[in-house]
Amino acid sequence: MSDTHNSQSAHAGHGFETVAIHAGNTADPLTGAVVPPIYQVSTYKQDGVGGLRGGYEYSRSANPTRTALEENLAALEGGRRGLAFASGLAAEDCLLRTLLTPGDHVVIPNDAYGGTFRLFAKVVSRWGVEWSVADTSDPASVRAALTPKTKVIWVETPSNPLLGITDIAAVAQIAREAGARLVVDNTFASPYLQQPLALGADVVVHSLTKYMGGHSDVVGGALIVNDADLGDELAYHQNAMGAVAGPMDAWLVLRGIKTLPVRMDRHSENATKVADMLTRHARVTRVLYPGLAEHPGHEVAAKQMRAFGGMVSFQVEGGEEAAVEVCNRAKLFTLGESLGGVESLIEHPGRMTHASVAGSALEVPADLVRLSVGIESADDLIADLQQALG
Ligand SMILES: *Cc1c(COP(=O)(O)O)cnc(C)c1O
């Protein structure tokens with residue numbers, strides 16, 4: 001079966017847009033259907049005991065629709081092996097239980113998805129894994145957090161919700177010297193904007209729920225690696241733990257990915273316009289967007305990203321109440337958690353997505369508002385924010 005998981009070579013030399021549409025998406029051999037079918041099936045007829053027709057025996061172990069997505073993901077990230085899970089956190093859980101044993105130490109970022117922090121602080125820590133927090137945008141801070149037992153350095157760039165930027169190549173070098181593995185959560189950028197494996201990362205993590213799916217209609221996660229042995233180990237654990245992506249979910253993500261490049265271009269364009277307006281607004285005290293020249297990570301972002309993405313955060317005059325008020329007054333920006341869909345979303349991280357980091361080193365400012373800038377008309381988005389800011 002292993003050759004069915006590797007489509008890297010089939011699209012070597014093709015541009016990203018071509019790979020997004022074609023990798024894994026081979027025509028159905030039975031009918032010629034140009035879109036891979038949703039193989040809504042749990043088991044497969046064997047021709048005599050052990051006689052597998054297409055290599056498939058049970059859909060937790062492998063399912064053809066999921067295989068199509070896994071091949072596509074591997075090709076997009078420039079990795080040898082892609083694995084699709086029921087959610088981003090299911091992917092993270094499988095990764096951590098594959099890489100870590102009691103006594104190991106991990107370095108985690110001081111700004112990250114709240115659920116990732118919760119997984120380390122409340123779940124993985126119970127199995128005797130220690131963690132320290134570093135400002136991963138500062139390589140010296142990462143070095144200072146290392147211990148002789150550090151096995152994993154975890155990076156999110158751009159980070160959630162403060163849009164911090166980490167120099168992936170610089171931290172990859174530190175990880176190599178320390179004998180640790182560098183994991184990059186590439187959810188905010190997507191492989192169209194940023195390719196962590198090429199910059200030296202060992203593992204890429206995705207919440208497919210966000211830009212990859214792109215339409216706020218599916219929850220999913222992924223791991224992509226280059227190391228074949230690590231790929232086999234992860235696949236073993238994926239099957240042993242069982243939190244796999246179902247065929248319908250895999251199909252929805254595959255469909256979303258076909259338009260990833262055009263969506264990311266428009267998300268980035270719209271976010272740039274929104275960020276520009278916010279920097280000039282009297283009630284906005286700070287705008288966090290890596291595309292702004294004054295952003296501390298701007299140069300690194302310009303070096304390692306194709307564009308700056310669709311996420312913008314900002315702080316408002318008047319503290320927490322004022323930030324909550326802006327969220328409540330927005331009309332076109334839907335008040336809700338999550339991100340990365342075609343429709344714009346607004347939220348208050350302190351009370352919503354990042355409530356689980358309250359009181360920790362990852363606590364977020366109370367006057368912070370986070371936007372997932374969608375692909376509607378930029379003028380309409382700007383007008384809505386202006387009325388919400390009052
Ligand atoms: C949403 C998200 C996750 C978790 O993914 P789920 O699909 O919700 O489990 C992880 N990392 C980042 C950056 C996210 O935004």
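Since the structure is predicted, the reported quantities are computational estimates derived from the model, not experimental observations. Atoms within each ligand, like the ligands themselves, are counted from 1 in listed order.
Around CG of Asp379, the count of heavy atoms belonging to other residues, nucleotides or ligands within 6.0 Å does not exceed 12.
At a heavy-atom distance under 4.0 Å, only side-chain atoms of Thr209, from C-beta outward, approach ligand 1.
If you check which protein heavy atom lies closest to atom 1 (C) of ligand 1, you get Lys210 NZ, 1.4 Å.
If you number the atoms of ligand 1 from 1 as listed, the ones under 4.0 Å from a heavy atom of Ser207 come out as 1 (C), 2 (C), 3 (C), 4 (C), 5 (O), 6 (P), 7 (O). Proximity to Gly220 (heavy-atom distance under 4.0 Å) selects the following atoms of ligand 1: 7 (O). Interface of Asp185 with ligand 1, defined as ligand atoms under 4.0 Å from a residue heavy atom, comprises 10 (C), 11 (N), 12 (C), 13 (C). Less than 4.0 angstrom separates some heavy atom of Asn160 from each of these atoms of ligand 1: 15 (O). Of all the atoms in ligand 1, the ones that sit under 4.0 Å from a non-hydrogen atom of Glu156 are 13 (C).
When only interatomic distances are considered, the shortest N/O to N/O separation between Leu89 and ligand 1 falls below 3.5 Å. Residue Gly88 has at least one N or O atom closer than 3.5 Å to an N or O atom of ligand 1.
Taking the six-membered ring for Trp and the full ring otherwise, the centers of His206 and Tyr211 sit at least 6.0 Å from each other. Between Phe117 and Trp131, the ring center distance clears the sub-6.0 Å criterion.
In this structure, Asp167 pairs ionically with Lys303, as a charged nitrogen and a carboxylate oxygen lie closer than 4.0 Å. Of the charged side-chain nitrogens involved, none lies within less than 4.0 Å of a carboxylate oxygen, so that Glu376 and Lys273 do not count as a salt-bridged pair.
If you chain together hydrophobic residues whose side chains sit under 4.5 Å apart, Val312 and Ile346 fall into the same group.
Closest approach of Cys94 to His237, counting heavy atoms only: SG-CB, 3.8 Å.
Of the candidates Phe188, Tyr211, Tyr113, Tyr113 brings a heavy atom nearest to atom 8 (O) of ligand 1.
The aromatic rings of Phe308 and Tyr289 sit perpendicular, their planes meeting at an angle over 60°, well past the 30° parallel limit.
The closest approach between Glu92 and ligand 1 falls below 4.0 Å for a heavy atom of the residue.
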